[in-house]
Amino acid sequence: MKAPGSASRAEPATARPQVVWEMIGRQLRDFRNARDISRAEAGRHIGGDETKISRLELGRVKVKEEDLERLLDLYGVTSVAEQRAMLDLTRRAGSRQWWYQHRDLLADWFCSYLLLESAAHLIRTYEVQFIPGLLQTRAYAEAVMRLRYTDEAEVRRRVDVRMERQRILHEQRSTHVWAVVEEAALRQQIGGPHVMREQLKALVQANERRYIRIQVLPNSAGGHAGTGTSFSILRLRSEKLLDVVYLEQLESAQFFTDAWQSDPYFEAWSRLSVAAGKPDDTTAVFANLLRESIDGQKTMG
C-alpha cells in the first residue's frame with residue numbers, strides 16, 4: 001500500500017506540476033476571452049500562432065515569463081500585484097523545486113500540490129484521522145509513515161519531505177494555516193503516548209503563532225458536514241486564480257476549482273469551522289489531553 005503522494009513504481013514521476021500549468025493556462029484563456037481577443041491575435045502578439053496559444057491554455061507547454069508579461073499586457077491585466085502573483089507562480093512551476101530529488105517517490109499530482117502549497121496565501125485544512133502534515137512533529141510523521149512502510153530509508157525520505165514542507169511556515173511566515181482537526185485524531189495513539197504528548201506540545205506552540213489557527217471538532221459534535229472526508233482549500237496570492245479544493249486518495253488526488261465541484265466543500269468548511277471549538281479554547285483542549293495522557297501513564301505505571 002502506498003502512502004499519499006506516492007508514485008507508481010512502474011511509471012517514475014517527473015516532478016512536473018502539471019495541474020499548475022493547467023490552472024495558469026485556464027486563467028490566460030479567461031483573460032483573453034474577457035477582452036474578446038482571438039487566439040490568432042494573441043499568438044501574433046508573442047511571435048507565435050493560434051496553436052501555440054491553444055497549447056498554452058491547455059497547460060500542455062510551459063509559458064515563458066516574457067510571453068506571460070506580454071499576454072498580461074495585451075489582456076489588460078494592469079495590477080502590479082496580480083502580475084507579480086502570476087509571474088511568481090509561473091516561475092515556481094518552471095523551475096526545479098526542492099522535491100525534484102524525491103521524484104522517484106512522489107507522484108506528479110503531489111508535486112502539483114506541493115507547488116500550490118508553497119505559493120498559497122491561506123491553507124484551510126480539515127483532518128479526520130491525523131494531525132495536518134504541516135503541523136506534525138518528526139516523530140509523529142515517522143509513526144504515520146510506518147503504518148504503511150517498513151523500509152527505514154524510504155520512511156526517512158518521506159518524513160524529510162514532510163518536514164521540508166513546513167519551511168513555508170518557519171521561513172516565509174506569509175502563509176497562513178487554518179486547521180480544523182477531529183478530536184478523535186488527537187486521541188489516536190500514533191507512535192504511542194510519548195510521541196503524542198510531544199505532538200500535543202508542538203500544537204500548543206503552533207497555535208500561539210499569529211499565522212496559524214487551530215480548531216478542534218469535539219466528539220460531542222456528532223454528525224457534521226465533513227464526516228469521513230479530509231480536504232484542503234488553498235487560496236493563492238493571485239486574486240484572479242480561484243481557490244483550489246484538494247482531496248487526496250492513496251493512488252491519486254483531485255483538484256477542484258469549478259464552482260459546481262468546489263462549492264460543497266466551501267459550505268462544508270463554513271459549517272465545520274462553526275461547529276468546532278473556538279480558536280481561543282484550543283490550547284485548553286490540548287492541555288486537557290496532555291493531562292489525561294500523563295495521568296493515564298501514571299496509572300499504568
Original post:
Looking only at atom types and distance, does a side-chain atom of Glu127 sit under 3.5 Å from a main-chain N or O of Pro132, one as donor and one as acceptor?
Top reply: no
**OP:** Specify whether Phe110 and Tyr113 have parallel, tilted or perpendicular ring planes, treating 30° as the upper limit for parallel and 60° as the lower limit for perpendicular.
**Re:** parallel
Original post:
Has Asp36 got more than 12 heavy atoms of other residues, nucleotides or ligands less than 6.0 Å from its CG?
Top reply: no
Original post:
Same hydrophobic cluster for Met163 and Val155, using side-chain heavy-atom links shorter than 4.5 Å among ILVMFWY?
Top reply: yes
Subject >> Basic-acidic side-chain contact under 4.0 Å: Glu267, Arg271 >> reply: yes
Original post:
Should the pair Phe256 and Tyr265 be assigned to parallel (<30°), tilted (30 to 60°) or perpendicular (>60°) ring geometry?
Top reply: tilted
Original post:
Run the side chain to side chain contact (heavy atoms under 4.5 Å, CB included) check on Arg209 and His170 step by step: do they pass?
Top reply: CA-CA 10 Å; Arg209 298 173 186 165; His170 305 311; 3.3 Å; yes
Original post:
Below 4.0 angstrom, N of the basic side chain to O of the carboxylate: do Arg213 and Asp280 qualify?
Top reply: no
Original post:
Are the side chain of Ser112 and the backbone of Gln18 linked by a donor-acceptor contact shorter than 3.5 Å?
Top reply: yes
Original post:
What is the distance from atom OH of Tyr140 to atom CD1 of Ile190, rounded to the nearest 0.5 Å?
Top reply: 5.0 Å
Original post:
Is any side-chain heavy atom of Leu105 less than 4.5 Å from a side-chain heavy atom of Val161?
Top reply: no
Original post:
How long is the gap from CG on Asp67 to CD1 on Ile53, to the nearest 0.5 Å?
Top reply: 7.5 Å
Original post:
Rounded to the nearest 0.5 Å, what separation is found between the OG1 atom of Thr150 and the CZ atom of Arg148?
Top reply: 14.0 Å
Original post:
Does a sphere of radius 6.0 Å around CD in Glu239 hold more than 12 heavy atoms from other residues, nucleotides or ligands, not counting ones at 6.0 Å or beyond?
Top reply: no
**OP:** Kindly work out whether a path of hydrophobic side-chain contacts (I/L/V/M/F/W/Y, heavy atoms less than 4.5 Å apart) joins Leu72 to Leu74.
**Re:** yes
Original post:
Can you check whether Leu135's main-chain N or O pairs, donor with acceptor, with Gln199's side chain at less than 3.5 Å?
Top reply: yes
**OP:** Kindly give the heavy-atom pair with the smallest separation between Val77 and Glu82, and that separation in Å.
**Re:** CG1-CG, 3.8 Å
**OP:** For Ala93 and Val20, work out which heavy atoms get closest and say how close.
**Re:** CB-CG1, 4.0 Å
Subject >> Phe255 and Tyr246 aromatic ring geometry - parallel, tilted or perpendicular at 30°/60° bounds >> reply: tilted
**OP:** Indicate yes or no for a side-chain donor-acceptor contact from Gln215 to the backbone of Pro279 under 3.5 Å, with no hydrogens or angles considered.
**Re:** no
Subject >> Asp151 with Arg157: basic N within carboxylate O range, under 4.0 Å >> reply: no
Original post:
Going from CE on Met196 to OG1 on Thr137, what distance comes out if it is rounded to the nearest 0.5 angstrom?
Top reply: 8.5 Å
Subject >> Within 6.0 angstrom of Arg60 CZ, more than 12 heavy atoms from elsewhere >> reply: no
**OP:** Measure the CH2-CZ distance between Trp178 and Arg124 for me, rounded to the nearest 0.5 Å.
**Re:** 7.0 Å
Subject >> Positive for salt bridge (Lys or Arg N to Asp or Glu O under 4.0 Å) with Glu117, one of Arg92, Arg235, Arg165, Arg162 >> reply: Arg165
Original post:
Are Leu71 and Leu58 connected, step by step, through hydrophobic side chains (Ile, Leu, Val, Met, Phe, Trp, Tyr) whose heavy atoms are closer than 4.5 Å?
Top reply: no
Subject >> Whether Gln166 side chain and Gly133 backbone form a donor-acceptor pair below 3.5 Å >> reply: yes
Original post:
Ignoring hydrogens and geometry, is there a side-chain-to-backbone donor-acceptor pair from Glu50 to Gly43 under 3.5 Å?
Top reply: no
Original post:
With under 30° as parallel and over 60° as perpendicular, where do the rings of Tyr211 and His176 fit, or are they tilted in between?
Top reply: perpendicular
Original post:
Linking I/L/V/M/F/W/Y whenever their side-chain heavy atoms sit closer than 4.5 Å, directly or via other members, would Phe31 and Ile37 fall into one cluster?
Top reply: yes
Original post:
Any donor-acceptor pair under 3.5 Å linking the side chain of Arg167 with the backbone of Glu164?
Top reply: no
**OP:** Begin with the C-alpha distance, continue with both residues' side-chain angles, and end with the deciding distance and a verdict on side chain to side chain contact (heavy atoms under 4.5 Å, CB included) for Leu134 and Thr175.
**Re:** CA-CA 11 Å; Leu134 287 174; Thr175 299; 6.0 Å; no
Subject >> Donor-acceptor under 3.5 Å (Asp49 side chain, Thr51 main chain) >> reply: yes
Original post:
Where the side chain of Thr90 meets the backbone of Met86, is there a donor-acceptor pair that is under 3.5 Å apart?
Top reply: yes
Original post:
Does one hydrophobic cluster hold both Leu87 and Ile24, with members joined at side-chain heavy-atom distances below 4.5 Å?
Top reply: yes
Original post:
Are there more than 12 heavy atoms of other residues, nucleotides or ligands under 6.0 Å from atom CZ of Arg146?
Top reply: yes
Original post:
Just by modelled atom types, is the Ile131 backbone N or O under 3.5 Å from a matching donor or acceptor in the Gln136 side chain?
Top reply: yes
Original post:
If you take all heavy atoms of Ile123 and Ala120, which pair is closest and at what distance?
Top reply: CG1-CB, 3.8 Å
**OP:** Supply the atom-to-atom distance Arg187 CZ to Glu292 CD, rounded to the nearest 0.5 angstrom.
**Re:** 4.5 Å
Original post:
Passes side chain to side chain contact (heavy atoms under 4.5 Å, CB included), Val61 versus Leu56? Steps please.
Top reply: CA-CA 6 Å; Val61 294; Leu56 287 177; 3.5 Å; yes
